[in-house]
Amino acid sequence: MAGLGVGLIGTGYMGKCHALAWNAVAPVYGDVERPRLVMLAEATAELAERKAAEFGFETATGAWQELIDNPAVDVVSITTPNRFHAQMAISALKAGKHVWCEKPMATSMEDALAMQAAWRSSGKAAVLGYNYIQNPAVRLIRKLLAAGTLGTVNHVRVEMDEDFMADSEAPFTVRNEGSSGYGALDDFAVHPLSLLRNLFGGVSRVFGDMAKPYPDRPVAGGGRRAVENYDIATALLHLDNGASGFITVNRTAWGRKGRIQLQIFGDRGTVAYDQERLNEVQLFTRDGPAETQGFRTILTAPVHAPYDKFIPAAGHSLGFNELKIIECRELIASIRGEPSNTLDFDDGVAIERCVHAIARSFKEGGWVSAGV
Ligand SMILES: NC(=O)c1ccc[n+]([C@@H]2O[C@H](COP(=O)([O-])OP(=O)(O)OC[C@H]3O[C@@H](n4cnc5c(N)ncnc54)[C@H](O)[C@@H]3O)[C@@H](O)[C@H]2O)c1
């Protein structure tokens, strides 16, 4: 297969991750043609030119539609703020391009469904940026579940905490505006929900709660402005497989930097994982005498594919950017029509349904169906 022609829209935090992934995927894996970095789009032509030179793209534009119209572009990386995802993804799919779109899928259910419809009629690949499912540690957990190591899973818990909004005096930003969505629910909860989807499949019912620890924040230039959405969200869940579940997300959790704590309880054992220690899996099984039972730490190593593609030696650890390189390789598998560990626009819609069901449950005060 000839090297894919890549178009990248956006060059912030995630844009750089995608650029690193497109630059690294061929040398890391050795089984794909080196992608051709065709065009980069940014909000202004000046920024686009500068970033194209830094990231190794051949051409640059300040008008993203020009990138989508470029016949040399086969696949479009969408790393712009959430409100642009739907229009850019739909436009790219209609132009016959594959799409790699950052999370969350969209800012409304209508947009998510329109993206799904555009994808289904396109015949192209569409993958969402749910990078945490790519961790070799998470793949190991999936393998343990499939092997029955934990027995029948009866309860799953995911907590996601960061503290970038923990300071009550941090200035009001666009993230605090109602137009940005529910808050932590759509910004953060999609990550725990992506893990649940990847590991277990569907969620049938939810009971949601949301909280606003700080009612207002200072505005640049003086005064304060009321916070319009919620920094904390929690939901009780029922999974399609019969297990009960619980997720909570908090962007005001002092001291937590990138915690995604996953715990899975079965009738024979427990597995625990935390994104802040992303090369470790904690496993408890009832094997052996009770006196010596306890959690043991499994450190990911070349035996946990695809760690081996990056480093031939154990103990050196992968990081966040490597997860994006793995995601890029899985996207290429999806483009090739090969089996891939990805969440597509059908999965994205299922995750969005859950998010909106949690918000509806919070408003109505009871259990709500999260299915179709
Ligand atoms: N997968 C993850 O773990 C993860 C982590 C952080 C952010 N995200 C998601 O990635 C997306 C981007 O977030 P970010 O943190 O990289 O934001 P960012 O602000 O760092 O970057 C966004 C970029 O998009 C550019 N942009 C804005 N409007 C544009 C337009 N009309 N045309 C072209 N470029 C435009 C901005 O100039 C900026 O460079 C969001 O949807 C966010 O939810 C995902």
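The structure displayed is predicted, hence computed values, not measured ones.
Remark: H98 NE2 to S122 OG distance equals 8.5 Å, nearest 0.5 Å. The CE atom of M165 sits 10.5 Å away from the OH atom of Y214 when rounded to the nearest 0.5 Å. Going from atom OG1 of T297 over to atom CG of N279 covers 12.0 Å, rounded to the nearest 0.5 Å. Here E352 contributes atom CD and F345 contributes atom CZ; the two are 10.5 Å apart, rounded to the nearest 0.5 Å. Atom CG of residue L236 and atom CD1 of residue I358 lie 10.0 Å apart, to the nearest 0.5 angstrom. The CE atom of M14 sits 12.5 Å away from the SG atom of C101 when rounded to the nearest 0.5 Å.
Both L145 and I247 are assigned to one and the same hydrophobic cluster, defined by single-linkage of ILVMFWY side chains at heavy-atom distances under 4.5 Å. Connection of F84 to M115 is established within a shared hydrophobic cluster, with ILVMFWY side chains joined at heavy-atom distances below 4.5 Å, either directly or through further cluster members. One hydrophobic cluster, built from ILVMFWY side chains closer than 4.5 Å, cannot hold both I232 and V249; they sit in different ones. The cluster map of Ile, Leu, Val, Met, Phe, Trp and Tyr, joined by side-chain heavy atoms under 4.5 Å apart, puts V138 and L283 in the same cluster. Note on F57 and L47: separate hydrophobic clusters, where clusters join Ile, Leu, Val, Met, Phe, Trp and Tyr whose side-chain heavy atoms are under 4.5 Å apart, directly or indirectly.
Of the candidates R256, R259, Q261, R259 is the only one forming a side chain to side chain donor-acceptor pair (under 3.5 Å) with D161. Each of L262, L237, T248 was checked for a side-chain contact (heavy atoms from CB on, under 4.5 Å) with V158, and the lone residue meeting it is L262.
The two residues N23 and R34 have their closest heavy-atom pair at O-NH1, 3.7 Å. Contact record, V203 with C354: CB-SG, 3.6 Å, taken as the closest heavy-atom pair. Taking every heavy atom of both residues into account, Y307 and H316 meet most closely at OH-N, 3.2 Å. Taking all atoms of both residues into account, the shortest heavy-atom contact from F172 to A226 is CE1-O, 3.3 Å. The shortest heavy-atom contact between N82 and K103 is OD1-O, 4.1 Å. Residues A126 and W119 share a closest heavy-atom pair of CB-CD1, 3.3 Å.
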Practice task
Kindly indicate, with the supporting measurements, whether the criterion ring-ring contact (aromatic ring centres under 6.0 Å, His included) is fulfilled by H356 and Y182.
Solution key: CA-CA 9 Å; H356 293 288; Y182 303 118; 5.5 Å; yes

Handout entry: Derivation of the side-chain contact (heavy atoms from CB on, under 4.5 Å) call for H304 and I298
Key = CA-CA 10 Å; H304 303 108; I298 303 165; 3.9 Å; yes

Exercise for the section: Apply side chain to side chain donor-acceptor pair (under 3.5 Å) to N229 and E177, showing your working. Expected result: CA-CA 6 Å; N229 54 23; E177 286 180 16; over 6 Å; no

Handout entry: Y273/N135 under side chain to side chain donor-acceptor pair (under 3.5 Å): CA gap, chis, key distance, verdict
Key = CA-CA 11 Å; Y273 160 83; N135 191 334; 2.9 Å; yes

Exercise for the section: Start with the C-alpha gap between R139 and R142, add the side-chain angles, then the distance that decides, and say whether side-chain contact (heavy atoms from CB on, under 4.5 Å) holds. Expected result: CA-CA 5 Å; R139 291 184 184 206; R142 212 168 49 243; 4.1 Å; yes

Exercise for the section: Using the side chain to side chain donor-acceptor pair (under 3.5 Å) rule, take N341 and N198 through it: C-alpha gap first, then chi angles, then the decisive distance, then the call. Expected result: CA-CA 8 Å; N341 180 43; N198 186 246; 3.0 Å; yes

Problem - side-chain contact (heavy atoms from CB on, under 4.5 Å) assessment of F200 paired with I264 - result: CA-CA 11 Å; F200 299 106; I264 303 170; 3.8 Å; yes

Handout entry: Working for side-chain contact (heavy atoms from CB on, under 4.5 Å), residues M88 and I9
Key = CA-CA 9 Å; M88 290 174 174; I9 314 181; 3.9 Å; yes

Exercise for the section: Report the C-alpha distance between R36 and E33 in whole Å, list the side-chain angles of each, state the deciding distance to 0.1 Å, and finish with yes or no for salt bridge (charged side-chain N to carboxylate O under 4.0 Å, His left out). Expected result: CA-CA 9 Å; R36 197 178 141 210; E33 290 288 324; over 6 Å; no

Practice task
Dump the intermediate steps for side chain to side chain donor-acceptor pair (under 3.5 Å) on T11 and E42, then the final yes or no.
Solution key: CA-CA 7 Å; T11 62; E42 249 298 346; 2.7 Å; yes

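Contact check for L8 versus T79: side-chain heavy atoms found under the 4.5 Å cut-off. By the 4.5 Å heavy-atom criterion applied to side chains, N131 and F320 are counted as neighbours. A heavy-atom distance below 4.5 Å is not found between the side chains of D287 and Q293. Residues I68 and K94 fail the side-chain proximity criterion, which asks for heavy atoms closer than 4.5 Å. Considering only heavy atoms from C-beta on, Q275 stays 4.5 Å or farther from M160 through its side chain. For the pair H85 and T80, the minimum side-chain heavy-atom distance is below 4.5 Å. In this structure, Y29 and I332 have side chains that are not in contact, with every pair of non-hydrogen atoms separated by 4.5 Å or more. When side chains are defined from C-beta on, D344 does not count as touching S334, because their heavy atoms never get closer than 4.5 Å.
Within the 3.5 Å criterion, the main-chain N or O of L128 finds no donor-acceptor partner in the side chain of T342. In this structure a side-chain-to-backbone donor-acceptor pair under 3.5 Å is present from D186 to G183. H18 places no side-chain N or O within 3.5 Å of a backbone atom of G15 that could act as its donor or acceptor partner. Checking side-chain atoms of R296 against main-chain N and O of T285 turns up no donor-acceptor pair under 3.5 Å. Using modelled atom types, no side-chain atom of K51 and backbone atom of L40 make a donor-acceptor pair closer than 3.5 Å. The backbone N or O of G366 lies less than 3.5 Å from a partner atom in the side chain of S361, making a donor-acceptor pair. E49 places no side-chain N or O within 3.5 Å of a backbone atom of E46 that could act as its donor or acceptor partner. Side chain of D163 to backbone of G255: a donor-acceptor contact under 3.5 angstrom is found. With K324 contributing its side chain and L20 its backbone, the two residues share no donor-acceptor pair below 3.5 Å. Using a distance-only test at 3.5 Å, with no hydrogens or angles considered, no donor-acceptor pair links the side chain of Q263 to the main chain of T270.
The ring of H238 has its center no closer than 6.0 angstrom to the ring center of F207. Centroid-to-centroid, the aromatic rings of F362 and Y230 come within less than 6.0 Å.
For the 3.5 Å distance criterion, the side chains of E228 and N176 fail to qualify, holding no donor opposite an acceptor. If you check the side chains of D209 and T234, you find no donor sitting under 3.5 Å from an acceptor.
Environment of NZ in K16: sparse, with no more than 12 heavy atoms of neighbouring residues, nucleotides or ligands closer than 6.0 Å. Counting non-hydrogen atoms of other residues, nucleotides and ligands closer than 6.0 Å to CZ of R277 gives a total of 12 or fewer. At most 12 non-hydrogen atoms from other residues, nucleotides or ligands lie less than 6.0 angstrom from CZ of R286.
Between H191 and Y130, the two ring planes are perpendicular [angle over 60°; tilted spans 30° to 60°].
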